[in-house]
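Only this structure's heavy atoms are used, side chains among them; waters, hydrogens and symmetry mates stay out. Sequence positions, counted from 1, serve as the residue numbers for this chain.
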Amino acid sequence: MTGHITYPTSGEKITAKDGKLQVPDNPILGFVEGDGIGPDITRASMRIWDAAVEKAYNGKRKVHWCELYMGEKAAGLYDGNYFPEETKAALNDLLVSIKGPLTTPVGGGFRSLNVSLRQELDLYACVRPVRHYAGVPSPLKKPEDVDVVIFRENTEDVYAGIEYQSGSEENRKLAAFLRNEMGASFFEDAGLGVKPISEFGTKRLVRKAIQYAIDNNRESVTLVHKGNIMKFTEGAFRSWGYELAREEFPEQTITEEELYSTYGGKRPEGKVVIKDRIADIIFQMMLLRPNEFDVLATMNLNGDYLSDAVAAEVGGVGIAPGANMSDNVAVFEATHGTAPKYANQDKVNPGSLLFSGVMMLEHIGWQEAADLITAAYQEVVTSRIVTYDFARQIEGATEVKTSQFADAIIAQIQGGMNIEEFRARREEAIEKDRKVRELRRVSSPLEEMIASGRIPHTVGDLMNPSPISVPPETTVEDAMHLMREKSISSVITRPGADGQWGIMTQRDVISRIVSKNRAPASVKVDEVASKPLVTVPVDMTLHECAEKMSNSNIRRCAVIDKDQEPIGIISDTDIFASVEQFGLPE
């Protein structure tokens, strides 16, 4: 490079081939020191990253750091330019970099240095992993249930900057067009903004989220939106997200509807469940049932709120990592501000930048080094050796400086940590949690949907899966015993000589056996069952199903798959409970 940036001669650049990073054992990674507390936390974090790489690979791998310049340090070197072209070129060229917090100059022509970075390099995905680390103070009763990765679209939505100030000529032109040409109605002198949500922008964000879930053995991807109100922007985001999953990942994904209707609540091995939640519901769920969610994909505004809100559940943005990514370029970053009050005091928590570096190591495939840092961090914090921010919240804590905190983590890394045991414990806990939730989905599907924030739309959402069926020659007495044993109110009868499926309910037994004084042991279910079986397809809406039940004067229908086989039962009680809980579906 020319100018102020010099690549280390001992390292090699990371390259990309067919969308995959090609990482040498001696990669050059860029770093921006940052403003305010940036130098303190960057120095501490770099020492930890280097120690972990050295320990994990016995010196066979090494990061070769290249300093890049943004913010106040850049302004001093580049005649007041806070984001020089040389830095943009290097970020694109090196592919993987990390930066500390930056100050945006007042009146400097930037809405934000971070926004400028994302727009200049088209870093369309803001990726924010949020999980709890043992020992870190949290307001939640079970913070260990929080372990999500938020994929926030960076380039569209109301954050795109398409807005017009009240009283400006541009505002008057747009207001006149909206009123006169489009029939819109709004107050005079309103500030106006445009909310673009595109198919292109949506699909590349959702594609990255799904691929991450597949690569990292995540259970689900949830599309977060307010599509019930903003149908043509946020509603379209939801629709395009599902469409992308069907078109590009048909073998790796299933919908939440299929999870219940086709698989009876049991997630097939290796499948990622694609689901969606209304934005206000996801905020509730991340407090009440956070372990229901793995990867969240959302638009710019929702993602901004959600990232910081969820981070607050596990210790705050002070330890929340993040990255901004395009298809190939990734810039990892501290997600907090510059805190100039504490600059050069060797005082603050380096956690946000430190774990952004952990993300970076994972991104280049150096998982062993990443896991060493995570395990060592937890050991240090659970030993109550912490910086001032946590020391105020932890009884009996030992408050240390930023550099001393780094020393403690490095000592753990260089000690005799059993990283395989650490991984095994974590994987065992994840698997145990998944099994518990699967059991709930199988045994109580409607209750589980309600608890997890899912709003039913189709019969597949509400049906009781895997209905009990019996041969036509079964006696009513045996069928009654089975119904009592299984705590069910009906059984499906398989086709007999007439080739028709049927259904026998408790009501049928009362009206056709008991009231007629017939012995249940001497009557076959085929003689009592209602035929032909009234069926509905799995994707029928609840409106349509209710109408069919009313017109047929029945209380339950069998739900059939594409092969016309019964796969579930839906009753008027199920629909009643859904409407009572959620209101009429959209």
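Here F355 pairs with Y133, Y377 under the ring pair (Phe, Tyr, Trp, His ring centres under 6.0 Å) rule; sequence neighbours left out. Evaluation of the side-chain contact (heavy atoms from CB on, under 4.5 Å) rule for D561 yields D563, E565, I567 as partners, not counting sequence neighbours. Applying the side chain to side chain donor-acceptor pair (under 3.5 Å) rule to D539 yields no partners; only residues at least two apart in sequence or on another chain are considered. Residues satisfying the side-chain contact (heavy atoms from CB on, under 4.5 Å) test with P137, not counting sequence neighbours, are F390, Q393, I394. For L439, there are no side-chain contact (heavy atoms from CB on, under 4.5 Å) partners at least two apart in sequence or on another chain. Partners of E248 according to the side-chain contact (heavy atoms from CB on, under 4.5 Å) rule, which considers only residues two or more places apart in sequence or in another chain, are R207, L244. When the side chain to side chain donor-acceptor pair (under 3.5 Å) test is applied to E257, the partners found at least two apart in sequence or on another chain are T458. Under the rule for a salt bridge (Lys or Arg N to Asp or Glu O under 4.0 Å), the partners of K142 that lie at least two apart in sequence or sit in another chain are D145.
Annotation: side chain of Q252 is not in contact with side chain of V272 (no heavy-atom distance under 4.5 Å). At a threshold of 4.5 Å between non-hydrogen side-chain atoms, the residues E163 and V158 do not count as touching. Looking only at side-chain heavy atoms (C-beta outward), N302 and I282 stay at 4.5 Å or farther from each other. Inter-residue side-chain proximity for V148 and P290 is flagged as unmet; no heavy-atom pair is nearer than 4.5 Å. With contacts defined as side-chain heavy-atom distances shorter than 4.5 Å, the pair C545/I575 qualifies. Side-chain atoms of F293 and V295, non-hydrogen and from C-beta on, never get closer than 4.5 Å to each other. Contact of the V136 side chain with the V314 side chain is not registered, since no non-hydrogen atoms from C-beta on lie closer than 4.5 Å. At a threshold of 4.5 Å between non-hydrogen side-chain atoms, the residues L287 and E313 count as touching.
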Between Y260 and R441, does a side chain to side chain contact (heavy atoms under 4.5 Å, CB included) hold up when you go through it step by step? CA-CA 8 Å; Y260 282 100; R441 290 195 303 264; 3.5 Å; yes
Checking salt bridge (Lys or Arg N to Asp or Glu O under 4.0 Å) for the pair E234/K226: CA distance, chi angles, key distance, verdict? CA-CA 6 Å; E234 305 218 1; K226 194 66 178 169; over 6 Å; no
Kindly indicate, with the supporting measurements, whether the criterion side chain to side chain contact (heavy atoms under 4.5 Å, CB included) is fulfilled by D294 and V149. CA-CA 6 Å; D294 258 329; V149 183; over 6 Å; no
Check against side chain to side chain contact (heavy atoms under 4.5 Å, CB included), I569 and I492: CA-CA 9 Å; I569 294 288; I492 290 178; 3.7 Å; yes
Salt bridge (Lys or Arg N to Asp or Glu O under 4.0 Å) evaluation trace for R556 with D574: CA-CA 9 Å; R556 56 181 56 77; D574 297 325; over 6 Å; no
Set out, in order, the CA-CA distance, both residues' side-chain angles and the distance that settles side chain to side chain contact (heavy atoms under 4.5 Å, CB included) for F186 and L192, then state yes or no. CA-CA 10 Å; F186 47 89; L192 299 174; 4.0 Å; yes
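Using modelled atom types and a 3.5 Å distance limit, the side chains of T155 and E153 yield a donor-acceptor pair. At a cut-off of 3.5 Å, with distance as the only test, no side-chain donor of R289 or S452 sits close to an acceptor on the other residue.
Counting non-hydrogen atoms of neighbouring residues, nucleotides and ligands closer than 6.0 angstrom, the CZ atom of R555 reaches no more than 12 such neighbours. Open room surrounds CD on E547; 12 or fewer heavy atoms of other groups in view lie less than 6.0 Å from it. Within 6.0 Å of the NZ atom in K266, the count of heavy atoms belonging to other residues, nucleotides or ligands does not exceed 12. More than 12 non-hydrogen atoms from other residues, nucleotides or ligands lie less than 6.0 angstrom from CG of D215.
Taking a cutoff of 4.0 Å between a charged side-chain nitrogen and a carboxylate oxygen, R277 and E292 do not qualify as a salt bridge. Taking a cutoff of 4.0 Å between a charged side-chain nitrogen and a carboxylate oxygen, E527 and R512 do not qualify as a salt bridge.
The ring pair (Phe, Tyr, Trp, His ring centres under 6.0 Å) analysis of residues 503-540, with sequence neighbours excluded, yields no pairs. Sorted by first and then second residue, the ring pair (Phe, Tyr, Trp, His ring centres under 6.0 Å) pairs with a member in residues 206-257 read F151-Y212; sequence neighbours excluded. Note on residues 178-187: no pairs pass side chain to side chain donor-acceptor pair (under 3.5 Å), not counting sequence neighbours. Within the structure, salt bridge (Lys or Arg N to Asp or Glu O under 4.0 Å) pairs that include any residue of residues 422-433 comprise D147-R426, D371-R423, E420-R423, E421-R425, D433-R437 (at least two apart or interchain).
Side-chain N or O atoms of T475 include none that pairs as donor or acceptor with a backbone N or O of A521 at under 3.5 Å. Judged by distance alone, with hydrogens and angles left aside, the side-chain atoms of T474 form a donor-acceptor pair with the main-chain N or O of P471 at under 3.5 Å. Judged purely by atom type and a 3.5 angstrom limit, K195 has no side-chain atom pairing as donor or acceptor with the backbone of A160. A distance-only check finds no donor-acceptor pair linking the side chain of K548 to the backbone of H543 [under 3.5 Å]. Counting only distance, with no hydrogens or angles, the side chain of T298 and the backbone of V224 share a donor-acceptor pair below 3.5 Å. Between the side chain of T493 and the backbone N or O of G502 there is at least one donor-acceptor pair closer than 3.5 Å. Under the 3.5 Å distance criterion, the side-chain polar atoms of S352 are matched with a main-chain donor or acceptor of T335. Side chain of T374 to backbone of A370: a donor-acceptor contact under 3.5 angstrom is found. For the pair S356 (side chain) and G322 (backbone), a donor-acceptor distance under 3.5 Å is present. R507 contributes no side-chain N or O that, together with a main-chain N or O of S511, makes up a donor-acceptor pair within less than 3.5 Å.
When each of N154, D327, N324 is checked for a side-chain hydrogen bond (donor to acceptor under 3.5 Å, both in side chains) with Y124, only D327 meets the rule.
A pairwise comparison of heavy atoms in I513 and V528 identifies CD1-CG2, 3.6 Å as the closest pair. Closest of all the heavy-atom pairs between M549 and I570 is CE-O, 3.2 Å. H363 approaches A330 most closely through the heavy-atom pair NE2-CB, 3.7 Å. Nearest heavy atom pair, residue P472 against residue V525, reads O-CG2, 3.5 Å. For the residue pair A479 and V491, the shortest heavy atom distance occurs at CB-CG2, 4.5 Å.
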